[in-house]
Protein chains: 2
Amino acid sequence: MAAAAANEATAAALPAVGASSEGGAQARVTDQIRDAIVRGEYAPNQRLIEADLSAAFSASRATVRTALLELAGEGLVERLPNKGSRVRAISVDEAIEILEVRIGVEGLCAAKVAEHLTDEQAAEFSRLRADMVASVEEGDLVEYSRLNRALDVWVRELSHHATASDVLARLHAQSVRHQFRLSSRPARAKVSVLEHAAIIDAILARDPEGAERAVRAHLLSVIEALREVAAREATA
Amino acid sequence: MAAAAANEATAAALPAVGASSEGGAQARVTDQIRDAIVRGEYAPNQRLIEADLSAAFSASRATVRTALLELAGEGLVERLPNKGSRVRAISVDEAIEILEVRIGVEGLCAAKVAEHLTDEQAAEFSRLRADMVASVEEGDLVEYSRLNRALDVWVRELSHHATASDVLARLHAQSVRHQFRLSSRPARAKVSVLEHAAIIDAILARDPEGAERAVRAHLLSVIEALREVAAREATA
DNA sequence: GGTTCTAAGATTGTAGACAATATCGCGGCT
DNA sequence: AGCCGCGATATTGTCTACAATCTTAGAACC
């Protein structure tokens with residue numbers, strides 16, 4: 001069941017890559033390795049030996065190789081020429097860099113959504129907003145985390161901005177591990193939900209610049225929180 | 001000479017991929033195909049048949065295949081499962097999308113540069129600014145275009161922001177063809193040089209927000225120009 | 001005449017073997 | 001004892017052959 005949830009999350013994060021249901025050994029192995037990395041089954045910096053993966057997933061080395069190339073393109077795997085592949089480790093500094101880039105790109109998406117919002121979409125956003133507030137009040141952090149991702153995905157989708165979506169999908173996939181560290185802190189959720197509400201409010205008000213500002217404020221806050229957590233961990 | 005210039009531009013745009021000088025057939029073929037695409041030797045949407053490329057570059061099909069995977073990761077090649085690869089065509093709409101994303105990311109880079117500017121860097125930027133103005137006054141469009149790219153690369157480098165640099169490199173590689181359409185218009189250069197000067201001025205003033213605004217203004221202007229050119233071409 | 005089935009051709013996907021390269025440990029030398 | 005070179009091993013890079021899949025052309029049929 002946990003595996004199914006992880007699968008779902010990954011599929012939602014990278015819809016462009018291709019349906020994971022079928023399409024030959026190629027896509028299957030790629031998806032399996034990706035899931036294993038995202039779920040943490042393979043640790044950061046762990047070497048990914050083609051022969052081992054080949055045996056583990058019962059596919060030829062050529063297939064595994066193709067999968068690794070693909071994942072390298074997504075930024076999940078690092079390939080050192082003649083030295084092999086390994087799980088790319090994202091340091092806290094890199095995670096912050098990713099968030100900084102997301103400010104601009106996600107801000108753009110939010111602005112686009114605010115600009116072209118239909119009434120039905122507005123209703124959906126209102127509902128999502130209410131659900132997020134409720135989940136935090138009830139202390140249901142996993143539900144809140146789920147809604148969180150849903151908001152991200154919606155904004156991406158409704159922006160109808162393929163380029164931005166691609167960039168965000170790639171960045172998001174890389175920083176899944178760090179997202180996780182924050183999402184489990186109740187105090188963090190209380191702050192975060194207000195910021196998310198502000199984003200939705202700006203979108204509902206059909207205010208592109210306001211949405212952009214709200215996204216920026218939220219991500220800056222996430223950066224700050226990440227810095228704090230990192231500092232605390234360093235001293236501990 | 002034109003070929004050498006194109007080569008240089010590509011190498012500068014994607015320094016992370018690896019030195020093109022050596023490193024096995026792998027990198028060589030990848031670079032050759034990339035150059036061929038960027039230079040327009042292979043037209044957009046043209047099919048890239050592995051066997052053909054294999055013969056053309058005297059490498060095995062596996063090597064070509066790996067190269068195509070790599071290029072797909074860079075967004076230059078489109079891979080349709082079981083149907084082959086082709087040169088990815090960037091429509092005007094997509095080019096505009098790319099520019100919109102660049103607003104945020106390049107703005108971030110410019111802000112970072114403005115924030116951490118050293119005196120030597122400031123001197124270099126001043127010189128570049130003067131050179132740009134001079135090249136436009138003399139009507140030397142190819143020189144101006146070169147300085148243009150130099151400014152972009154410098155800002156990326158000096159931002160010390162690996163994530164943003166990667167994203168920008170990828171986006172830039174895809175839109176080379178459209179850049180080209182604008183750079184050859186003298187009227188455009190006269191406007192563009194003012195905007196570039198404004199960006200440099202903000203950086204020299206060590207004003208991060210100003211730099212971000214200047215970048216945004218410039219790229220919005222580029223978008224507008226691209227729309228105009230596209231509209232003119234459509235009616236013609 | 002048009003449509004659909006079929007078969008041949010073209011092209012990609014997969015597999016396994018071999019070559020090239022890097023890594024690591026051991027023995028000899030200083 | 002420490003360092004350097006050298007060989008053994010592990011791993012990736014490359015090649016060739018074969019299988020699967022898609023595309024296209026032609027013939028049979030309605």
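Below, chain A is the first sequence line, B the second, and so on; all start at residue 1.
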Are side-chain heavy atoms of A:His218 and A:Ser192 found at a separation under 4.5 Å?
-> yes

Say whether, by atom type as modelled, one donor and one acceptor occur between the side chain of B:Arg34 and the main chain of B:Ala67 under 3.5 angstrom.
-> no

In terms of the nearest nucleotide of DNA chain C, which residue is placed more toward the 5' end: B:Ile49 or B:Ala62?
-> B:Ile49

Rounded to whole angstroms, how far apart are CG on A:Asp52 and C1' on D:dT12?
-> 13 Å

To the nearest angstrom, the CG-C1' distance between B:Leu48 and C:dT11 comes to 13 Å

Phosphate OP1/OP2 of D:dT23 contacted by B:Lys83 side-chain N/O (<4.0 Å) | yes

Any chance you could lay out the side-chain contact (heavy atoms from CB on, under 4.5 Å) test for B:Thr63 and B:Phe57, step after step, and finish with the verdict?
-> CA-CA 10 Å; B:Thr63 304; B:Phe57 299 115; over 6 Å; no

Between B:Glu94 and B:Arg88, is a salt bridge (Lys or Arg N to Asp or Glu O under 4.0 Å) present by the stated rule, with each step listed?
-> CA-CA 11 Å; B:Glu94 279 174 288; B:Arg88 183 160 163 223; 2.9 Å; yes

C:dA15 phosphate, OP1 or OP2: any side-chain N/O from A:Thr63 under 4.0 angstrom?
-> yes

Measure the distance from CG on A:Leu69 to C1' on D:dT14 and round it to the nearest whole Å.
-> 14 Å

Should B:Arg65 be listed as having a side-chain N or O under 4.0 Å from OP1 or OP2 of C:dG13?
-> yes

Is there a side-chain polar atom (N or O) of B:Ser60 under 4.0 Å from OP1 or OP2 of D:dT14?
-> no

Look at all strands and tell whether A:Arg47 reaches a base, only sugar-phosphate, or nothing, counting heavy atoms closer than 4.0 Å.
-> sugar-phosphate

Considering only NZ, NE, NH1 and NH2 on the basic side and carboxylate oxygens on the acidic side, decide whether A:Asp152 and A:Arg102 come within less than 4.0 Å.
-> yes

Please state how far atom CG in A:Leu53 lies from atom P in C:dA15, giving the value in whole angstrom units.
-> 14 Å

Side-chain N,O (B:Arg61) to OP1/OP2 (D:dG13) below 4.0 Å | no

Write down the distance between CD (B:Glu50) and C1' (D:dC22), rounded to a whole number of angstrom.
-> 14 Å

Per atom distances to the A:Gln26 side chain, the nearest of C:dT14, D:dG13, C:dG13 is C:dT14

Whole-Å distance separating the CZ atom of B:Arg86 from the P atom of C:dA10 | 21 Å

Round to a whole Å and report the spacing from CG of B:Asn82 to C1' of D:dT21.
-> 5 Å

The nucleotide from C:dT12, C:dA22, C:dT14 with an atom nearest the side chain of A:Ala25 is C:dT14

